[in-house]
Each structure stands twice: as C-alpha cells, then as structure tokens.
Number of protein chains: 2
Amino acid sequence: MLTSVSVQTLQRLPVYLNLLKSECMQQAVYVSSKTIAESLGLHEIQVRKDLASVSSGGKPKVGFSKITLIRDLETYLGYNDSNDAILVGAGKLGKALLAYDGFKEYGLNIVAAFDNDESLAGQKEGNVPILSLSKMNDICDRMKIRIGIITVPSPAAQSICDQMVASGILAVWNFAPAHLDVPEHILVKNENMAASLAVLSRHLMDKFTD
Amino acid sequence: MLTSVSVQTLQRLPVYLNLLKSECMQQAVYVSSKTIAESLGLHEIQVRKDLASVSSGGKPKVGFSKITLIRDLETYLGYNDSNDAILVGAGKLGKALLAYDGFKEYGLNIVAAFDNDESLAGQKEGNVPILSLSKMNDICDRMKIRIGIITVPSPAAQSICDQMVASGILAVWNFAPAHLDVPEHILVKNENMAASLAVLSRHLMDKFTD
DNA sequence: TAGATTGTTAATCGATTAACAATC
DNA sequence: TAGATTGTTAATCGATTAACAATC
C-alpha cells in the first residue's frame, strides 16, 4: 500500500472520509468496502482498491476498523499537519471562504488575506486579517506560505498568480474563471464552476430532447 | 458533429470559451486547435476532437472563425437560453453566490433564495429575494424551476435535497460536503472543495518527500 | 469448517493520443 | 502546387471492473 494514487482516487478519498465521520456511520465500529460503496453509489471493488492504497488495516471477514480507517485517510490527506495559506481578493467570495470555519478540518489554515482595495486593509473577516497587497510577498516569505487562494476577478488572476509564484507559493487554488500559466513545478487547481454548470445545463438539455 | 460528448470534454468546453472571450484573443479573427492547445497547455488533437463535437465551422488551413466558434460553444452549453434556479442556504457562501453577477453569463439565473432562518426573509442579496423555506415548493412549482443550489450546512443537505426533488428540481448543485442520495433521473453535481484540497495537499506532501 | 471480505492480478472499457486522408 | 489544418479512423494508455487466491 501507499503506492502512488491516481487523481481520481485521491479525489474520492475525502468523500469516504466524510461518510465515515457522518451521522449515518455513527454507531459503526467496523466498515466494509461494500457498505461504503452502497452508501455512495460506487462500485465495491473501486472502493476496496482506493482504500487499499491508503490503509493496510483491512481484515478479511470484518472489514476496516472505522477509527483506524479515518485516521489513515486523515494522515494520507494531510489533515493532521495543517497547511498555512493566504488568500487574495477579499470580495464576496473571498470573504465567504475566509468566514468558512470548515477548512481547518481539512488542515487548511488561511493566515492572511490581501486586497487591492486599500480601504479594506486592517479589517478582519472570520478572524483573518485583510492586508494591503503590497505586504503579500513579505508575509509569504516570512511564514513560508505554500498555498495561495485566488478569488479576484478574472482579468487580475494571472498577475496575482505571478506574484504568488514569485513569493514562493507552490500550489494555487484558483476560483477565478481564467486559465493560469505557471512554471512546471507549480500546481494550479481550478475550482471550475463554469464546468460544473456545463454538466448541469447539458443534463437538462439532454433530458428535454429525448 | 453534435454527437454525445464525454463529461471530460464537456467540462473543457467552458475553458475554451473562456479563453476565446479573454483579452489575449481579442484581436484574433481565426483560431486553430493548435493555438488554443498551446494557450491552455493541452494537446492539440484533444482540442480538435473536442471542438469537432460542438462546431462544424472548422476550415482546413485557417481554423475556426472565432465568433462562430464562440457562438457554437455558447449554444452547446446553453448559455443563450437561461436556466432559472433557486438557492437554499443564505449563509456566507450562499450570499456570495447570490451576489456574483457572473452566473448570468453562463445562462444561470437565480430567481429566489430560501433559508431556515425566518429573520432573513424579506431581505435581498444581489437583487435576489430571500424567502422562508416554506415557500420553496410553491415557487419551484409555479416557476417550473429545474435547478437547485444547496449551500446549507452538511447535516441539513439531504433533507433540503429531498425537498428540492419533491418540488420538481431535476439538477442539484451541491456545495455542502455531503453525499446526497437522489432518484435515478436526478443529477447531482458536487462542488467538492475537499477533493480540490486533497489534490493541493498531496502535491505539497509529495514535493517534500522526494 | 464455511463464508465473507480482503488484496492482487487479469480483463475490459473509455479517454487520450497518434496516424492519415481530405481540403482550403 | 505546397503546406497547414481539419475531421476521422486506429493505437495506446490508464482507470474501472472482474476474477480469484489468501485469510480471518
């Protein structure tokens, strides 16, 4: 186990973890791949293979100890050692993310936010200070920040991204509907709402042209 | 062309559209698959195949007329005829989505929001009225709403989803980190931030254990 | 022991990439 | 015409699913 995992598998892991922690699994002590698969509408074998790459706690006949599996998933996903991040763009969406206190459960810790608009500087949102953009480089450098969250309007996204990279950011979480060019070793993960909408929209269109 | 398209292709289409409309393509009259692929860091052949399933306007040697391709993409994605939607959960994230005026560009029109908290009823956010949850069924029915957006806390998500389905909703856009059970013909599209974070987090972990 | 569930190796399926003929 | 780019058919690659031996 603990071999390299595909992106597809990786993205399913938090879903398993979420289910295991949810109410409907509250009283379970052991869980099997089959149980999980049925709850999520996935294939049993897929779940088993996914779990095998993350945990070696599975026992024939009984399945996985729930708490052990939760621990293994959390360890693999890095939920225990927290990742410091900064956010740029303290508009509506940016503030909503700042105020969301669920991220710490995922090991994400937003330490500061930055905005072009100097009048926001000094404010706080969800306990996170909003600062002048000019301070970003210095703070990223001093705190060794590796994750940057982009919630600025599209036209500004590439420039902010460039500044992040120059400040030592290694992974960018991009909420702007814009493609970002980055050096090879930098990861960009787009939160692509337009893509989601495309899936919804076509589903409806297809439904009404059968 | 206009054959059935894979989800992967479908989710790339808005990215192409976005690029075509962006500043860096402003003065282009014709665009080729190669140009697009290079701008986005994709394979030329993949782009060509994607475009072929949506537009028949490609001409050997010249490529696609930019405005024709934009039109074809917008038509395929349903950006022209707008989709009415309702949103449930007028918390921070819900309000951020209500205030975001970019959705109309994608043909999404949020006509009303609902919340458990009666004290919010009567307020407006981004021109969208917030109403008592008890009115959801009636409004969905009268306006023939087919898209529901869920921005409530996880424990409430399944119940809200059930109410949406009972109100005639056919496609659910779920921002709660919870798995939703729905009848077969209903589509759920999860905006899975935990999955995105998993990708970011593992990228960083892998980087520092090489 | 019998049966259920695991982990692993093999088969299938679908998406991506390559090859190539068609054409402006 | 020559060359570039299209659309399509074939090959490759990787993820999912199936088959099966191992084991509690």
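Worth knowing before you read on, the calculation uses all heavy atoms, side chains too, and leaves out hydrogens, waters and symmetry mates. Reminder, nothing fancy here: chain letters follow the sequence lines and each chain counts from 1.
With hydrogens and angles left out, the side chain of B:K61 and the base of C:dT23 share no donor-acceptor pair within 3.5 Å.
For B:S33 and D:dT6, the shortest distance from a side-chain N or O to OP1 or OP2 is below 4.0 Å. Here A:R12 reaches the OP1 or OP2 of D:dT16: one of its side-chain N or O atoms lies under 4.0 Å away. Put simply, B:H43 has no side-chain N or O that comes within less than 4.0 Å of OP1 or OP2 on C:dT16. An OP1 or OP2 oxygen of D:dA4 is reached within less than 4.0 angstrom by no side-chain nitrogen or oxygen of B:S32.
A:K59 comes within 4.0 angstrom of the backbone, heavy atoms only, and of no base.
Atom pair B:I45:CD1 and D:dA4:C1' shows a separation of 14 Å (rounding to whole Å applied). Here the C1' atom of nucleotide C:dA19 and the CD atom of B:E44 are 13 Å apart, to the nearest Å. Summarising the geometry, the separation between CG on B:L10 and C1' on C:dA15 is reported as 15 Å, rounded to the nearest angstrom. Rounded to whole Å, the distance from CD on B:Q8 to P on C:dC13 is 17 Å.
Base pairing annotation: D:dC24 forms a Watson-Crick or G-U wobble pair with C:dG3, both donor-acceptor distances under 3.5 Å.
Look at B:K49 and B:E44 and you find no salt bridge, because none of the NZ, NE, NH1 or NH2 atoms lies under 4.0 Å from a carboxylate O.
Comparing A:R48 and A:V62 along DNA chain D, the residue whose closest nucleotide (by nearest heavy atom) sits nearer the 5' end is A:R48.
Distances from the side chain of A:F64 to the nucleotides D:dG7, C:dA15, C:dG7 place C:dG7 closest. Among D:dA4, C:dT9, D:dA10, the nucleotide with an atom closest to any side-chain atom of B:P60 is D:dA4.
Environment of CG in B:N127: sparse, with no more than 12 heavy atoms of neighbouring residues, nucleotides or ligands closer than 6.0 Å.
No donor-acceptor pair under 3.5 Å is formed between the side chain of A:N190 and the backbone N or O of A:N192.
Closest of all the heavy-atom pairs between B:I36 and B:L69 is CD1-CD2, 4.3 Å.
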